[in-house]
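What follows is a set of notes on a single structure, which appears directly below.
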Amino acid sequence: MKKMKKYLIINADDFGYCPEQNEAIKELLSKKLITSTSVLAVAPAFDDAARWLKENKFSAGVHLTINSDSYEKPWKSITGSSHLGKKGALYQNSKDITLHATHKSVRAEIEAQYNKMNEAGIEVDHADNHCGTLYGINLRRFYNDAYDFCRVHNLPYRFPKTPGFIERQLGKAPPSVILKLHKMLVNKAAVNGVRLIDDLISNPWNTEQIGNFENLRKWYLDSLDNCADGVTEMFLHPALPLDEENTEWTKRVFEYELLKSGDLIQKAEDMGLTVITWKEAAELLIQKDNSNPN
């Protein structure tokens with residue numbers, strides 16, 4: 001089979017999270033410094049994100065979410081299922097999701113999030129997952145529900161076919177059980193007719209590990225050196241500074257500054273990577289699967 005060129009999606013996650021996240025993503029999309037975004041339909045600034053996407057005719061991914069990031073003001077599930085949280089508020093603790101969530105409640109919730117985006121006038125171009133809750137790492141097989149959702153709506157899904165992403169996230173070679181799970185998930189996607197990307201890049205460090213902006217900048221620029229043939233997605237969480245001090249938020253500010261500089265786009269182009277949107281990637285993945293049905 002003819003080798004596939006190297007393609008790169010640069011995606012900003014968490015559109016709808018808060019005003020600071022929204023304003024950063026709007027700016028980066030407008031200036032073509034990112035090629036994609038993923039929307040949190042359950043987050044408090046969703047309406048602003050949805051309105052802007054519709055007015056500016058941008059498609060976006062649905063950032064499938066069955067947990068809340070906030071303890072003080074927990075995000076509300078759209079379905080209000082008691083299996084996903086108390087009084088309509090999504091669980092924050094992964095253990096609670098493992099113990100109480102059901103396949104039926106998860107499938108209904110992610111469908112409701114997709115419908116909410118459609119009703120807001122947003123064209124959904126792919127699906128991905130907030131906090132990895134649908135990847136099986138919580139000992140539940142919710143990846144089956146995510147795959148069924150993608151199959152029904154013919155959406156490509158953020159999950160890498162190659163295991164390099166796992167090693168980069170862990171900072172070491174993954175245990176054999178993790179590699180077996182990864183292989184099983186890739187094979188199951190193929191059986192369900194769900195298109196996956198080839199690789200995935202995202203910095204795994206917290207703010208303390210990063211240390212300063214230059215360290216983060218170098219990590220992302222260096223990561224482009226190892227892009228393989230096929231479709232790679234790089235996802236970040238760019239945001240403007242918060243009013244109050246929040247050290248973990250600093251990483252999001254660093255990522256915004258990096259994207260705003262245009263350095264990632266420039267290096268990708270200098271290396272001969274073709275920078276694409278998720279809509280373009282979806283077509284490429286169809287062509288790839290058709291040329292290699294096995």
To the nearest 0.5 Å, tell me how far I78 CD1 sits from K116 NZ. 5.0 Å

Does a sphere of radius 6.0 Å around NZ in K267 hold more than 12 heavy atoms from other residues, nucleotides or ligands, not counting ones at 6.0 Å or beyond? yes

With R51, which residues qualify under salt bridge (charged side-chain N to carboxylate O under 4.0 Å, His left out), at least two apart? D48

Is it the case that the side chain of R195 and the backbone of N154 share a donor-acceptor pair, with hydrogens and angles ignored and the cut-off at 3.5 Å? yes

How does the hydrophobic cluster around L179 look, that is, which other residues are in it when side-chain heavy atoms under 4.5 Å mark a link? none

So does K279 pair up with E123, basic N to acidic O under 4.0 Å? yes

Cationic N near anionic O, under 4.0 Å, E257 to K260: no

Before you tell me yes or no, could you show the steps for K26 and E23 under salt bridge (Lys or Arg N to Asp or Glu O under 4.0 Å), namely the whole-Å CA-CA distance, both residues' side-chain angles and the distance that decides it to 0.1 Å? CA-CA 5 Å; K26 290 175 190 178; E23 292 310 308; 2.9 Å; yes

Would you list the pairs meeting side chain to side chain donor-acceptor pair (under 3.5 Å) in which at least one residue belongs to residues 163-181, sequence neighbours left out? R168-D199

Kindly determine whether V194 and K188 satisfy side-chain contact (heavy atoms from CB on, under 4.5 Å), including the steps that lead there. CA-CA 9 Å; V194 177; K188 185 173 283 288; over 6 Å; no

To the nearest 0.5 angstrom, please state how far the CD1 atom of I122 sits from the CZ atom of F58. 12.5 Å

For the pair N138 (side chain) and T98 (backbone), establish whether a donor and an acceptor sit closer than 3.5 Å, ignoring hydrogens and angles. no

Do the side chain of Q113 and the main chain of V62 share a donor and acceptor less than 3.5 angstrom apart? no

Separation between CG of D69 and OH of Y17, rounded to the nearest 0.5 Å: 4.0 Å

Parallel under 30°, tilted from 30 to 60°, perpendicular over 60°: which one fits the rings of Y157 and Y135? perpendicular

Cluster link V177 to I166, ILVMFWY, side chain under 4.5 Å: yes

Indicate the atoms forming the closest heavy-atom contact of L185 with Y147, along with that distance. O-OH, 2.8 Å

Do the non-hydrogen side-chain atoms of F15 and W52 ever get within less than 4.5 Å of each other? yes

List the residues meeting salt bridge (charged side-chain N to carboxylate O under 4.0 Å, His left out) with K31, not counting sequence neighbours, and say none if there are none. E27

Does any non-hydrogen side-chain atom of I10 lie less than 4.5 Å from one of Y220? no

Salt bridge (charged side-chain N to carboxylate O under 4.0 Å, His left out) partners for D263, two or more places apart: R217

Can you pull the ring pair (Phe, Tyr, Trp, His ring centres under 6.0 Å) pairs that have at least one residue in residues 256-277, sequence neighbours excluded? none

Applying side-chain contact (heavy atoms from CB on, under 4.5 Å), run through I178 and H182 and close with a yes or a no. CA-CA 6 Å; I178 298 296; H182 172 267; 5.5 Å; no

Heavy-atom closest contact (D198 atom, G230 atom, distance): OD2-CA, 3.3 Å

Non-hydrogen side-chain atoms of Q21 and D13 separated by less than 4.5 Å: no

Which distance, rounded to the nearest 0.5 Å, do you find between the OG1 of T207 and the NZ of K251? 7.5 Å

Where W249 and C18 come nearest, the two heavy atoms and their spacing: CH2-SG, 3.6 Å

Please identify each residue that fulfils side-chain contact (heavy atoms from CB on, under 4.5 Å) with N206, with sequence neighbours left out. E208, Q209, E248

Note, L8 side chain near M234 side chain (heavy atom, < 4.5 Å): yes

Are F165 and L170 co-members of a hydrophobic cluster defined by side-chain heavy atoms under 4.5 Å apart? no

Walk me through whether I66 and L134 qualify under side-chain contact (heavy atoms from CB on, under 4.5 Å). CA-CA 8 Å; I66 59 170; L134 303 180; 3.9 Å; yes

Do F142 and H103 make the cut of ring centroids closer than 6.0 angstrom? yes

List in chain and number order the residues that pass side-chain contact (heavy atoms from CB on, under 4.5 Å) with P241, two or more places apart in sequence or in another chain; answer none if no residue qualifies. V253

To the nearest 0.5 Å, how far apart are OG1 in T232 and OH in Y7? 12.0 Å

Determine, using the 4.5 Å side-chain heavy-atom cutoff (strictly less than), whether L221 and L236 are members of one ILVMFWY cluster. yes

Of the non-hydrogen atoms in N212 and F254, which two are nearest, and what is the gap between them? C-CE1, 3.7 Å

One pair to check against side-chain contact (heavy atoms from CB on, under 4.5 Å): W278 and L155. What are the steps and the verdict? CA-CA 10 Å; W278 255 106; L155 293 173; over 6 Å; no

Write down the atom of A12, the atom of T37, and the distance for their closest heavy-atom approach. O-OG1, 2.8 Å

Matching residue for R158 among L196, N11, L64 - test: side chain to side chain contact (heavy atoms under 4.5 Å, CB included): N11

Residues A24 and P238: closest non-hydrogen pair is CB-O, 3.8 Å

Test: ring pair (Phe, Tyr, Trp, His ring centres under 6.0 Å). Region: residues 30-51. Which pairs qualify, not counting sequence neighbours? none

When rounded to the nearest 0.5 angstrom, what distance separates OG in S36 from NE2 in H126? 4.5 Å

Given side chains that start at C-beta, do those of L264 and I34 come closer than 4.5 Å, heavy atoms only? no

Listed by chain and number, what are the salt bridge (charged side-chain N to carboxylate O under 4.0 Å, His left out) partners of E280, not counting sequence neighbours? none

So the side chain to side chain donor-acceptor pair (under 3.5 Å) pairs with at least one residue in residues 54-63 (sequence neighbours excluded) are D14-H63, S59-D125, H63-D128, H63-H130

If the threshold is 4.0 Å, N to carboxylate O, is there a salt bridge linking E111 and R107? yes

Pairs in or reaching into residues 72-95: which pass side chain to side chain donor-acceptor pair (under 3.5 Å), with residues at least two apart or in two chains? T79-E109

If two hydrophobic side chains count as joined below 4.5 Å and joins carry through other members, does V124 share a cluster with V152? no

